[in-house]
Each structure stands twice: as structure tokens, then as C-alpha cells.
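In each ligand, atom 1 is the first atom listed, and ligand 1 is the first ligand listed.
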Amino acid sequence: MQPLIKLQNISKSFDDTQVLDDFSLEVKENEFITLLGPSGCGKTTILRIVGGFEKPDEGRVFFEGKDITAMPPNKRHINTVFQKYALFPHMNIGQNIAFGLKISGKSDQYIRDKVKYALKLVNLSGYEKRKIDSLSGGQQQRIAIARAIVNEPKVLLLDEPLGALDLKLRQDMEYELIRLKNELGITFIYVTHDQEEALTMSDKVVVMNGGYIQQMGTPEQIYNEPENAFVADFIGDSNIIDAIMVEDRVVKICNTVFPCIDEGFGRNRHVDVVIRPEDIIIKRVPEDYNPKVTDTVFNFGDGNKNTLGRLFGTVTHNVFIGVHYEMEIEAGGFTWLAQNTVNYPVGTKVAIDVIPENIQIMNKPQTKDEEAMEIDI
Ligand SMILES: Nc1ncnc2c1ncn2[C@@H]1O[C@H](COP(=O)(O)OP(=O)(O)OP(=O)(O)O)[C@@H](O)[C@H]1O
Ligand SMILES: [Mg+2]
């Protein structure tokens with residue numbers, strides 16, 4: 001199927017600084033795609049190019065297969081909610097939302113109904129007559145979303161539209177946006193630097209850094225199988241450890257052999273390993289238990305027949321963050337971040353295990369794109 005939107009080899013510089021370099025992306029109809037990345041990586045610039053507010057230096061933009069690179073914004077079937085939501089201060093809220101519909105010559109009754117519907121959608125029913133400056137930041141943000149939605153665009157570009165909302169409201173709005181996508185069939189290109197937001201709503205997440213795509217995939221792929229250390233680090237808390245791939249399905253972490261499921265990295269190659277804090281299995285060990293420092297043996301004679309790699313250490317930090325405890329564990333010369341619903345107080349001697357499926361092996365950076373991730377963020 002032909003993509004609804006296609007960005008082809010887009011490059012863009014401001015003054016002497018290159019913001020996008022040979023950037024390509026395809027968005028399917030009714031897809032919810034999120035651009036995720038640190039501040040300044042070029043997310044807004046991409047949205048502005050899709051919306052027609054910025055011209056690429058090189059490359060082309062296609063909509064339904066048609067080259068729209070030179071088409072002005074108002075001719076595109078694309079609506080944008082900008083990072084700085086530009087509401088009209090001299091109009092009341094109803095007039096703000098109705099603006100686009102008035103221009104396209106819709107009837108008064110149609111406009112009234114649509115405005116009412118949009119206000120209900122963003123939880124601000126009855127606000128038609130209120131002045132813009134009488135609203136809080138979060139309320140203004142919701143009006144900006146309502147204003148874009150009433151036009152029923154084919155594509156909605158949203159640039160960090162939930163940034164000013166509190167957690168509860170943000171979650172409600174996330175739910176509403178997904179509903180809109182499903183009910184109205186709108187295609188979303190969404191920009192955020194909030195990984196949770198990206199993972200919750202998207203069909204596809206595009207992780208960017210320094211104008212490059214670091215990884216593109218479903219939320220599950222991005223979270224469970226990060227392709228490099230930048231993605232792993234950016235998406236949630238992670239333990240990222242320098243390790244050696246001894247051979248297929250065997251990796252040496254902190255000088256201890258762990259079975260894993262990855263293959264094809266070669267023998268005795270330096271790799272990066274990602275282990276999520278929630279995947280660290282913690283077991284309390286007796287105070288007087290002294291494990292032998294060992295290199296290659298999986299079983300330690302303590303009844304553990306599960307052939308897992310295992311490290312011994314001590315809990316050095318512990319904080320309750322709701323639902324679970326977040327702990328730091330010094331083991332094998334590395335400070336591990338671990339999560340558990342069981343509380344292991346500071347000073348507890350523990351063994352940590354990781355099942356092979358939860359050890360994610362990544363190549364060390366090599367290509368130009370992968371080097372870009374090493375830029376400080
Ligand atoms: N009109 C402009 N003139 C000069 N530089 C610009 C312009 N627009 C963007 N830039 C620069 O391009 C880079 C990318 O900006 P962009 O706004 O796309 O980042 P972003 O990923 O949206 O960041 P944030 O998360 O902070 O909104 C930044 O270094 C920014 O300073
Ligand atoms: Mg931005």
C-alpha cells in the first residue's frame with residue numbers, strides 16, 4: 001500500500017548548522033507515528049516540513065504519492081497543533097475553535113455542533129464564551145487540540161501537545177487521541193520527548209538523535225529490542241554494560257558468563273548489553289554465604305539448577321516509588337539498577353539473575369549514524 005506521507009532524503013540546515021541529513025520516513029494512512037528524541041534533535045523541523053511551514057534544502061515530501069514539497073500549508077490536508085499553541089487572543093474560545101470551519105464556509109448550525117463536540121472531547125464543555133487569557137496553560141493546550149480536530153484533517157501534526165497537562169489529564173487526553181484516531185481515521189504524526197507518551201499511543205515510534213533516526217519500530221520493539229545504547233538509554237531506565245560475546249548464546253558480563261539467546265555476533269567480540277531494571281531477579285543470600293569467584297560455571301551448588309548467569313552483591317540504595325522499590329545493587333564492579341515489589345533494604349546481600357531472554361545484546365557503535373548517538377544529550 002502506498003504511504004500517505006513520504007519524506008524522501010530530506011536535508012535541512014539553519015545558517016551553517018545541519019539539522020536534518022538525508023532523512024527519510026514513510027507514514028501509512030491511519031497510523032499513529034511518534035517522533036521521539038531529545039531537545040534540538042530536529043523533531044519540530046520535520047513537522048514543519050510536513051506541514052509546509054519550512055522548505056527542505058534537499059529532498060521531497062509526498063502526500064498520497066503526489067509531490068507537495070512546494071505546496072503551501074493551507075492547501076495541504078494537514079492540520080498542526082504547534083508546540084507554542086497560537087490561539088487568537090481577541091477571539092473567545094468558541095470563535096477560536098470555529099475559525100477553520102468558518103473559513104471553509106460551513107453552516108452556523110454545523111459549526112455550533114462541531115464546537116460543542118470538540119469542547120466535550122477535550123473536557124471543556126460550556127467554555128464557548130470564555131476568553132483565551134482566562135484559561136490555564138493546560139486548558140489552552142486542550143483548546144488548541146480541539147481547534148485542530150474540528151477540521152477533521154486527514155493528518156494531524158501534534159508538537160508536544162500534552163506538555164502543559166498534569167499526569168491525570170495527560171492520560172485522559174492520550175486515551176482521547178487514540179479514540180480519535182480509531183473513530184475518525186485521522187493519521188497522526190506526534191512529537192514528544194516523553195518516552196511513556198510515545199510508547200502508550202503509537203503504532204510506530206521513531207527514535208531520533210542529532211537529526212538521524214536511531215531506530216524505528218513498534219513500542220514493543222523499541223522497548224524490548226533497542227538496537228543501540230542511545231535508544232536503550234532514552235527509552236526507560238536501563239543497565240547498559242560493556243560485555244564480551246564469548247560465542248553464540250554466551251555473553252560475559254562483569255567477568256561472569258551468562259547464557260543469552262543472541263547469535264551471530266562472532267567470538268570474543270566487545271558488545272553493549274542492555275538489561276531492564278524490572279528484569280533483574282533478586283534473591284537474598286545468607287550473610288555468611290561466600291560464593292566462589294567463578295568465570296564459567298552457571299551453578300553455584302546452592303540448588304540453583306536454572307543455568308542462569310549469576311552475580312553476587314549488596315543493595316546500596318533503595319527507594320519506594322509506588323508499586324515497587326527501586327534499588328541500586330553493587331555487583332561485579334557495576335552499579336545495577338533494579339526494581340522489585342519486594343523490599344531488600346540497604347546492606348542486604350543478594351544474588352542477581354537474569355533469564356537469557358532478558359539480556360539484549362547490541363553491537364558497539366560503528367556506522368556514521370550510530371556514532372551520532374554518542375553525542376552528548
Ligand atoms: N528557524 C530556525 N533558525 C535557526 N535554527 C533553527 C530554526 N529552527 C530550528 N533551529 C535549530 O534546529 C535544531 C532543531 O530544532 P527543532 O526545533 O527541530 O528541535 P526539536 O527536536 O523540536 O527540539 P525540542 O524538543 O526542544 O522542541 C535546533 O538546534 C534549533 O536551534
Ligand atoms: Mg520542538
Return the orientation label for the Phe188 and Phe32 ring planes: parallel under 30°, perpendicular over 60°, tilted otherwise. parallel
Tell me whether the rings of Trp336 and Phe334 are parallel (<30°), tilted (30 to 60°) or perpendicular (>60°). perpendicular
Tested for salt bridge (Lys or Arg N to Asp or Glu O under 4.0 Å) against Arg170, the lone hit among Glu176, Glu196, Glu197, Glu160 is Glu197
Identify, for [atom], the protein heavy atom at the shortest distance, and state residue, atom and that distance.
atom	answer
atom 11 (C) of ligand 1	Phe14 CD1, 3.9 Å
atom 12 (O) of ligand 1	Val19 CG2, 3.1 Å
atom 22 (O) of ligand 1	Thr44 OG1, 2.7 Å
atom 25 (O) of ligand 1	Lys43 NZ, 2.8 Å
atom 27 (O) of ligand 1	Gln83 NE2, 2.9 Å

Quick check: does any side chain N or O of Thr69 sit under 3.5 Å from a backbone N or O of Val61, one acting as donor and the other as acceptor? yes
Test of proximity, [X] against ligand 1: N or O pairs below 3.5 Å:
X	result
Gly40	yes
Gly42	yes
Cys41	yes
Ser39	yes

For atom 18 (O) of ligand 1, which of the options Thr17, Thr192, Thr45 provides the nearest non-hydrogen atom? Thr45
Under 3.5 Å, is there a donor-acceptor pair between the Tyr344 and Asn318 side chains?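 Distance-only check fails for Tyr344 and Asn318.
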Using distance alone, with no hydrogens and no angle criterion, decide if Glu330 and Thr335 have a side-chain donor and acceptor under 3.5 Å apart.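 Checked: Glu330/Thr335 side chains pair up, N/O donor to acceptor below 3.5 Å.
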Give, for atom NZ of Lys349 and atom OG1 of Thr314, the distance between the pair rounded to the nearest 0.5 Å.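 Reported value, rounded in 0.5 Å steps: 6.5 Å.
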Measure the OH-CG distance between Tyr190 and Asp203 for me, rounded to the nearest 0.5 Å.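 Rounded to the nearest 0.5 Å, the OH-CG separation comes out at 14.0 Å.
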Is there an N/O/S atom in Thr45 at a distance below 2.8 Å from the Mg ion (ligand 2)?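 Not a single backbone or side-chain N, O or S atom of Thr45 is under 2.8 Å from the Mg ion (ligand 2).
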Consider ligand 1: state whether an atom of it lies below 4.0 angstrom from any non-hydrogen atom of Glu160. yes
Under 4.0 Å between a Lys/Arg side-chain N and an Asp/Glu carboxylate O for Arg112 and Glu128? no
What do you think, any protein heavy atom under 4.0 angstrom from atom 31 (O) of ligand 1?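 Protein heavy atoms within 4.0 Å of atom 31 (O) of ligand 1 - there are none.
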